[in-house]
K.L.:
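Have a look at this one before I ask anything.
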Amino acid sequence: MKPVTVPFFISHQGCPHTCVFCDQRTISGANGELPTAELIRDRINLWRSSARERPLEVAFFGGTFTALPEEIQSELLAPLQPLLEAGTVDSVRISTRPDYIDADHVAWLSERGVSTIELGVQSMDDSVLAASGRGHVAAESLNAIRCIKRQGIRAGAQLMPGLPGDSPASSLASLEQVISAGVDFIRIYPTVVLQGTELARRYSAGEFMPLSLDRGVLLCALLLHRAMQAGIPVIRIGLQADHGLDAESILAGCWHPALGQLVRSQLYADLVCRFVPSGQRATVYCHPARLSDVIGVKRETLLSQLRRGVQMRVVPDAALQNEELTIQTEDSCTTYSVIADLHYSIHEV
Ligand code: SF4
């Protein structure tokens, strides 16, 4: 059963770095204060009452958890200990930088119930990391992932396609390297230019051009497809709209409030284009959970099929897997898989 996440944003806390893209206060929508023990307990109780039977996961997002002084990390984790013992809280997740992870500290976190660590890997290309002011190298990300996995903790990687100096090939190589290193899940956050950041200055000076939305969707579709082929879940694509992001804070870049849906829709639309000749009528069956992805944001897939002369009807079919479509045309009825029957080339992005 999918856990309910109780989020705590620890904006910029503990982080001595200033990555060129980062304005943690904007991204997290938090005010920079650490949650007190009382607030942690109160919020968990509140969420517990609405979670019903679903497991509860406490997540410390943003900032750099393991760069906080150890006594503060202890203070944040302390109120969770009795709740973990009582089974009120099932798991604890933190996010941090790869260069603030070592075997001893991962063991310390594990003893205090941390079961998932998300790393801000961003890229596995050292020149991209340097151009983005990250202050760490790719080898540190590999070490961190291995450390976490050796301790039996789940490891996640956040990747940021479109950073300064990045290319589609470099983004794909980054994804493949974190998968090979053994991550359990991935988040993809295409780079956006936020007001007040160094990236905004470079953008305004004509020194940096971010991915457009269209290109970003194509690149994310390729990355998602590779992750699906490897069996690694991509649990989020694009920054969340409800965390302080709005039209005023975003200057440029690949951002849309439903970016994940745009990307998944691209995969299904490509499958339909591949197997439905133009000018035909088609009935497309999909898993009910994927209905809106197959139809597209604002019915864009249906409309784009119409533009190529395809009248497409979409019908839910619970017998299908999430990644499957059964396509019925005038001549055939066949089940295809986004994973097995689509082939992307880096040159298409
Ligand atoms: S390490 Fe994270 S919190 Fe620190 S500046 Fe970079 S993105 Fe922001």
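Order of appearance sets the numbers: ligands from 1, and atoms from 1 within every ligand. Excluded from the calculations below are hydrogen atoms, water molecules and symmetry mates; all remaining heavy atoms, backbone and side chain alike, are included.
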K.L.:
So does R41 pair up with E38, basic N to acidic O under 4.0 Å?
P.N.:
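So R41 does not pair with E38 through a salt bridge.
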K.L.:
Please list, chain by chain and in numerical order, all residues satisfying ring-ring contact (aromatic ring centres under 6.0 Å, His included) with F208, sequence neighbours excluded.
P.N.:
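F208 satisfies ring-ring contact (aromatic ring centres under 6.0 Å, His included) with no residue once adjacent residues are dropped.
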K.L.:
Go through ligand 1 atom by atom and flag the ones less than 4.0 Å from a non-hydrogen atom of C22.
P.N.:
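This gives 5 (S), 7 (S), 8 (Fe) as the contact atoms.
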K.L.:
Which atoms of ligand 1 sit under 4.0 Å from any heavy atom of T18?
P.N.:
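Listed by number with element: 5 (S).
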K.L.:
List ligand 1 atoms under 4.0 Å from R97, heavy atoms only on the residue side.
P.N.:
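Those qualifying, in numeric order: 1 (S).
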K.L.:
Quick one: which ligand 1 atoms are inside 4.0 Å of a heavy atom on R134?
P.N.:
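Contacts of ligand 1 toward R134, numbered from 1: 1 (S), 6 (Fe), 7 (S).
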K.L.:
May I ask you to check if R112 and W108 form a cation-pi contact, with NZ or CZ under 6.0 angstrom from the six-membered ring centre and within 45° of the axis?
P.N.:
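Verdict for W108: a cation-pi partner in R112.
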K.L.:
For T88, does its backbone N or O pair with a side-chain atom of R48 as donor and acceptor, under 3.5 Å?
P.N.:
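The answer is yes, because a donor-acceptor pair under 3.5 Å joins these two groups.
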K.L.:
Give a yes or no on whether C19 keeps an N, O or S atom under 2.8 Å from atom 6 (Fe) of ligand 1.
P.N.:
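Under 2.8 Å: C19 contacts atom 6 (Fe) of ligand 1 through an N, O or S atom.
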K.L.:
Using heavy atoms and a 4.0 Å limit, tell me yes or no: is Q122 in contact with ligand 1?
P.N.:
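In this structure, Q122 fails to qualify as a contact of ligand 1 - no heavy atom is under 4.0 Å.
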K.L.:
Among residues two or more places apart or on two chains, list those pairs meeting ring-ring contact (aromatic ring centres under 6.0 Å, His included) that have a residue in residues 326-349.
P.N.:
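Output for this query lists H225-Y344, F275-Y336.
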